[in-house]
Trainee: 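Take a look at this one; I'll ask things after.
Note that the structure is a prediction, hence the values are computed from the model and not measured.
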Amino acid sequence: MNPNDLQALWLSVRLATLSTLVLMVIGPLCAICIEKTKTPFRPLLEATVALPLVLPPTVLGFYLLVLLSPDNPLGGFLASINGESLTFNFSGLLFASVIYSLPFVVQPMQSAFAAIDKRYMDIAATMGMKPLERFFRILLPMTKPALISAALLAFVHTLGEFGVVLMIGGNIPGETRVVSIALFDHVETLDFESAHRLSLILLCFSLSVLTMVYGWLKPKHVIPA
């Protein structure tokens with residue numbers, strides 16, 4: 001494997017790791033908010049979170065590119081906070097990856113929260129626990145298997161993303177050229193041997209993680225009634 005491929009692989013691992021860490025903070029909070037909401041807009045909220053699952057990545061990437069442009073009010077605001085535009089750099093990739101992989105955390109966590117017997121929360125409330133304390137001391141420990149599964153799925157999904165990365169980050173070596181882009185470059189130049197090596201790494205890693213999720217963690221993902 002040449003140095004450029006190693007660099008792309010390392011960038012992908014760094015992006016997936018940071019995205020997963022961010023998702024582990026905001027994903028469970030989004031899930032509990034959706035689960036608790038009783039407004040008529042809940043289906044719209046759930047559909048918005050799940051949209052990256054069905055939307056072509058290039059479409060999502062295009063609209064994120066427009067949204068994060070410095071000419072857009074939101075993009076300009078985020079650029080003022082970040083110190084630079086969120087397009088065609090690692091910060092933009094991280095922002096887009098969190099959006100892209102959000103349903104892989106929110107949906108498992110929402111299902112896990114829904115399966116918890118509400119009597120646990122009622123008893124904790126009568127004992128004087130505040131909502132935030134109940135969230136961290138009861139909900140999260142009881143949904144630990146789902147939390148681990150969600151983290152693994154989000155990591156693998158981010159590791160192999162292509163369309164969103166290409167639209168937001170382009171193909172800048174050392175900055176936005178992740179392993180899926182490197183793989184595409186090898187295919188374009190007919191370097192199938194290098195493409196095969198990168199594909200095999202992603203295939204084996206993804207299969208290993210999914211085997212863990214479906215074979216090891218899933219049987220434990222049962223919340224006692």
Side-chain angles (χ1 to χ4, degrees), residues 3-34 41 44-110 150-185 188 198 202 206:
N4 289 333
D5 286 347
L6 288 174
Q7 186 182 54
L9 189 59
W10 166 242
L11 186 63
S12 293
V13 171
R14 189 157 64 98
L15 177 63
T17 302
L18 292 175
S19 298
T20 303
L21 290 175
V22 174
L23 284 165
M24 286 302 98
V25 175
I26 66 173
L29 293 175
C30 288
I32 194 65
C33 288
I34 293 174
F41 299 104
L44 177 61
L45 188 60
E46 291 178 312
T48 302
V49 172
L51 202 56
L53 292 175
V54 297
L55 199 64
T58 48
V59 175
L60 178 62
F62 171 73
Y63 281 115
L64 284 175
L65 182 64
V66 172
L67 196 66
L68 297 180
S69 167
D71 297 330
N72 185 286
L74 177 60
F77 173 72
L78 294 175
S80 66
I81 295 176
N82 189 53
E84 61 177 347
S85 170
L86 290 181
T87 55
F88 303 106
N89 55 42
F90 186 81
S91 299
L93 286 188
L94 180 60
F95 182 89
S97 296
V98 169
I99 301 295
Y100 185 52
S101 296
L102 186 61
F104 287 85
V105 175
V106 172
Q107 291 194 341
M109 294 307 300
Q110 189 182 344
L152 291 173
L153 289 174
F155 184 87
V156 173
H157 187 247
T158 306
L159 192 66
E161 68 179 274
F162 176 75
V164 173
V165 168
L166 188 62
M167 297 298 284
I168 291 291
N171 187 2
I172 305 172
E175 182 71 19
T176 62
R177 187 173 183 259
V178 295
V179 66
S180 59
I181 304 266
L183 171 60
F184 181 73
D185 286 346
E188 270 198 321
L198 291 179
L202 290 180
S206 300

Trainee: Do Leu64 and Met167 have side chains that get closer than 4.5 Å, going by heavy atoms?
Mentor: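 A side-chain contact is absent here, since even the closest heavy-atom pair is not under 4.5 Å.
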Trainee: Return the set of residues passing ring pair (Phe, Tyr, Trp, His ring centres under 6.0 Å) with Phe184 (not counting sequence neighbours), or none when no residue passes.
Mentor: Phe162
Trainee: Hey, could you give me the CG/CG distance between Leu11 and Leu6, rounded to the nearest 0.5 Å?
Mentor: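 Result: 12.5 Å between the selected atoms.
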Trainee: Ignoring hydrogens, what is the shortest heavy-atom contact between Ala96 and Ile168? Give both atom names and the distance.
Mentor: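 That closest heavy-atom pairing would be CB-CG1, 3.9 Å.
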Trainee: Using a 3.5 Å distance criterion without hydrogens, assess whether the side chain of Ser12 forms a donor-acceptor pair with backbone atoms of Val179.
Mentor: yes
Trainee: Is any side-chain heavy atom of Val13 closer than 4.5 Å to one of Thr17?
Mentor: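 Contact flag for Thr17/Val13 side chains = yes.
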Trainee: If you round to the nearest 0.5 Å, how far is CE of Met109 from CD1 of Ile32?
Mentor: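 If we round to the nearest 0.5 Å, Ile32:CD1 and Met109:CE are 8.5 Å apart.
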Trainee: Once you round to the nearest 0.5 Å, how far does OG of Ser206 lie from CG of Leu153?
Mentor: 10.5 Å
Trainee: For the residue pair Leu166 and Ile181, establish whether any side-chain heavy-atom pair is separated by less than 4.5 Å.
Mentor: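 They are in contact (side-chain heavy atoms under 4.5 Å apart), so the answer is yes.
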Trainee: Looking only at heavy atoms, what is the nearest atom pair of Val106 and Ile34, with distance?
Mentor: CG1-CD1, 4.0 Å
Trainee: With sequence neighbours excluded, what pairs up with Ser85 under the side chain to side chain donor-acceptor pair (under 3.5 Å) test?
Mentor: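 Testing Ser85 for side chain to side chain donor-acceptor pair (under 3.5 Å), a comparison that skips the adjacent residues, returns Thr87.
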Trainee: Is any side-chain heavy atom of Leu102 closer than 4.5 Å to a side-chain heavy atom of Ile26?
Mentor: yes
Trainee: Can you name the nearest heavy-atom pair linking Ala151 to Thr20, along with the distance?
Mentor: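 Of all heavy-atom pairs spanning Ala151 and Thr20, the closest is O-CG2, 3.6 Å.
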Trainee: Please lay out, stage by stage, how Val49 and Glu46 fare under the test side-chain contact (heavy atoms from CB on, under 4.5 Å).
Mentor: CA-CA 5 Å; Val49 172; Glu46 291 178 312; 5.9 Å; no
Trainee: Show me the donor-acceptor pairs, under 3.5 Å and distance only, between side chains in residues 69-81 and residues at least two apart or in other chains.
Mentor:
from, atom 1, to, atom 2, distance (Å)
Ser69, OG, Asp71, N, 3.2
Asn72, OD1, Leu74, N, 2.9
Ser80, OG, Phe77, O, 2.5

Trainee: So, for Gln7 and Gly174, which heavy atoms are closest and what is the spacing to 0.1 Å?
Mentor: OE1-N, 3.4 Å
Trainee: Applying ring pair (Phe, Tyr, Trp, His ring centres under 6.0 Å), name anything that partners Phe155, two or more places apart in sequence or on another chain.
Mentor: Phe205
Trainee: Using the salt bridge (Lys or Arg N to Asp or Glu O under 4.0 Å) criterion, which residues pair with Asp185? Sequence neighbours excluded.
Mentor: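 Asp185 satisfies salt bridge (Lys or Arg N to Asp or Glu O under 4.0 Å) with Arg177 only.
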Trainee: Report the distance from atom CG of Asn171 to atom CZ of Phe88, rounding to the nearest 0.5 Å.
Mentor: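 CZ of Phe88 is found 11.0 Å from CG of Asn171.
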Trainee: To the nearest 0.5 Å, how far apart are SG in Cys33 and CD in Gln110?
Mentor: 11.0 Å
Trainee: Would you check, one step at a time, whether the test side chain to side chain donor-acceptor pair (under 3.5 Å) holds for Ser101 with Thr158?
Mentor: CA-CA 6 Å; Ser101 296; Thr158 306; 2.8 Å; yes
Trainee: Which pair of heavy atoms, one from Pro28 and one from Val105, lies closest together, and at what distance?
Mentor: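 For Pro28 and Val105, the tightest heavy-atom pair comes out as CD-CG1, 4.2 Å.
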Trainee: Is the closest side-chain heavy-atom distance between Val178 and Phe90 below 4.5 Å?
Mentor: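 They are not in side-chain contact.
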Trainee: Tell me every residue that passes side-chain contact (heavy atoms from CB on, under 4.5 Å) with Tyr100, counting only those two or more places apart in sequence or in another chain.
Mentor: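 Result, side-chain contact (heavy atoms from CB on, under 4.5 Å) vs Tyr100: Pro52, Pro57, Leu60, His157, Glu161, Val164.
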Trainee: Rounded to the nearest 0.5 Å, how far does CG of Leu23 lie from CD1 of Ile99?
Mentor: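 With rounding to 0.5 Å, CD1 (Ile99) is 9.0 Å from CG (Leu23).
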Trainee: List the atom of Leu198, the atom of Leu183, and the distance in Å for their closest heavy-atom pair.
Mentor: CD1-N, 3.9 Å
Trainee: Using the rule given for side-chain contact (heavy atoms from CB on, under 4.5 Å), can you reason through Phe95 versus Val22, listing the C-alpha separation, both sets of side-chain angles and the distance that settles it, and then say yes or no?
Mentor: CA-CA 9 Å; Phe95 182 89; Val22 174; over 6 Å; no
